[in-house]
Amino acid sequence: MSKNTAVSVSVIKRLPRYYRFLGELKKSGTVRISSGELSRRMGLTASQIRQDLNCFGGFGQQGYGYNVEQLYKEIGKILGVNNNIKAILIGAGNLGKAIATHMSFEQRGFNLIGIFDKNEALAGQLVRNIPIRHISGMYNFCRDNSPAVAVLCIPSENAKEIIDELIPLGIKGFWNFSHYDIAANYPGVAVENVHLSDSLMMLSYRINNI
Ligand code: NAI
């Protein structure tokens, strides 16, 4: 993993999109694609694509373009889609249940092994065939199963306390839907803060500026 640390974040951020496009091409039976064609489909310039992929050693061949299957696999390897990282989800409300139900964790390199909520009435309900556990069982569960990632779907005011418990339990990454800003307070922990409202506001801005 460390070999990619010199690659800029903006390049890394584009990799899931390459992966998605290549996955669709693969599904449609496309065997190879030129950087020109890939750029047309993705709305990037061909030189941007070449630059991005060169950061990881190329993968393209002059006059041939890219082998879709190979590039898909290589990008998947860089992203770690086969890592099978154990994850738990905290907060099985509307959002937590929707994420647990609809997200293809396995295809992205994660294995959702536990779901927790402080509402006792939810305990035992199955989501994605996983029983919701009361939050009081989180400590023992983490000690016994060693998850490395936590998906936070709890209100921001409850997030800090849970994060402070989870980090000493070995959680190294947060997929954070609570609106609590983890990155500012926890150096050395990988955090992806997700704010769907940011995307909605971007849409508002773009509509106003058509
Ligand atoms: P909800 O009220 O349906 O679910 C929240 C769940 O978290 C409840 O079941 C509650 O019992 C549980 N919970 C609260 N504190 C807890 C704790 N300390 N330990 C374990 N479980 C705990 O709310 P909903 O709609 O699922 O939203 C959850 C949060 O996500 C809200 O704060 C909302 O603002 C935020 N949100 C964030 C979005 C984003 O794009 N980042 C999008 C939508 C919601």
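Counting convention: from 1, in listed order, for ligands and their atoms alike. All values below come from the heavy atoms of this structure, side chains included, with hydrogens, waters and symmetry mates left out. For reference, positions follow the sequence shown, starting with 1.
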* N/O of L196 under 3.5 Å from N/O of ligand 1, yes or no? -> yes

* Return yes when at least one protein heavy atom is under 4.0 Å from atom 2 (O) of ligand 1, and no when none is. => no

* Kindly state whether the ring of F116 and the ring of F141 have centres lying under 6.0 angstrom apart. => yes

* To do: Can you confirm whether something in the protein, heavy atoms only, sits under 4.0 Å from atom 36 (N) of ligand 1?
  => yes

* Of all the non-hydrogen atoms in the protein, which one sits nearest to atom 13 (N) of ligand 1, and at what distance? -> I154 CG2, 3.6 Å

* Asked: Is V194 in polar range of ligand 1, meaning some N or O pair under 3.5 Å apart?
  -> yes

* Structure fact -> Quick look: H179 vs ligand 1, heavy-atom contacts under 4.0 Å, and the answer is side chain

* Note: E24-K27 ion pair, threshold 4.0 Å (strictly below) -> no

* Asked: Is at least one protein non-hydrogen atom found at under 4.0 angstrom from atom 33 (C) of ligand 1?
  -> no

* Asked: What class does the angle between the rings of W175 and F105 fall in, given that below 30° is parallel, 30 to 60° is tilted and above 60° is perpendicular?
  -> perpendicular

* Asked: Under 4.5 Å between any side-chain heavy atoms of D164 and Y186, yes or no?
  -> yes

* Nitrogen or oxygen of K118 less than 3.5 angstrom from that of ligand 1 -> yes

* Asked: Tell me, which protein residue and heavy-atom name are nearest atom 27 (O) of ligand 1, and how many Å apart are they?
  -> L95 CB, 4.0 Å

* Take D144 and Y139 through the test side-chain hydrogen bond (donor to acceptor under 3.5 Å, both in side chains) and record every step on the way to the result. => CA-CA 9 Å; D144 295 346; Y139 180 91; over 6 Å; no

* To do: Write out the residue and atom name of the closest protein heavy atom to atom 23 (O) of ligand 1, then the distance separating them to 0.1 Å.
  => N94 N, 4.5 Å

* **Option with minimal heavy-atom separation from atom 31 (C) of ligand 1, where the choices are P155, A159, S199** => P155

* **Within-cut-off N or O pair, N158 and ligand 1, under 3.5 Å** => yes

* Any N/O pair I162/ligand 1 closer than 3.5 Å -> no

* Which of the atoms in ligand 1, numbered in the order shown and given with their element, are less than 4.0 Å from a heavy-atom of H195? -> 40 (O), 41 (N)

* Asked: How far does NZ of K73 sit from NZ of K26, to the nearest 0.5 angstrom?
  -> 7.5 Å

* Structure fact -> d(S178 OG, N158 CG) to nearest 0.5 Å is 9.0 Å

* **Within reach of ligand 1, part of C153 (heavy-atom separation under 4.0 Å)** => backbone

* Side chains of Y66 and R50: closer than 4.5 Å at any heavy-atom pair? -> yes

* Asked: When rounded to the nearest 0.5 angstrom, what distance separates CG in L152 from CG in L89?
  -> 8.0 Å

* To do: Return a yes/no value for S178: is any of its N or O atoms, backbone included, closer than 3.5 angstrom to an N or O of ligand 1?
  => no

* Mind checking the CD1-CZ spacing from I90 to F174? Nearest 0.5 Å is all I need. => 8.5 Å

* Asked: Looking only at N/O atoms, are F177 and ligand 1 under 3.5 Å apart anywhere?
  -> yes

* I132 versus K97: any side-chain heavy-atom pair under 4.5 Å? -> yes

* Just let me know how D117 lines up against ligand 1, side chain, backbone, both or neither, with a heavy-atom cut-off below 4.0 Å. => both

* To do: Return the residue, atom name and 0.1 Å-rounded distance of the protein heavy atom closest to atom 7 (O) of ligand 1.
  => G91 CA, 3.6 Å

* Rounded to the nearest 0.5 Å, how far does CD1 of I115 lie from CZ of R128? -> 8.0 Å

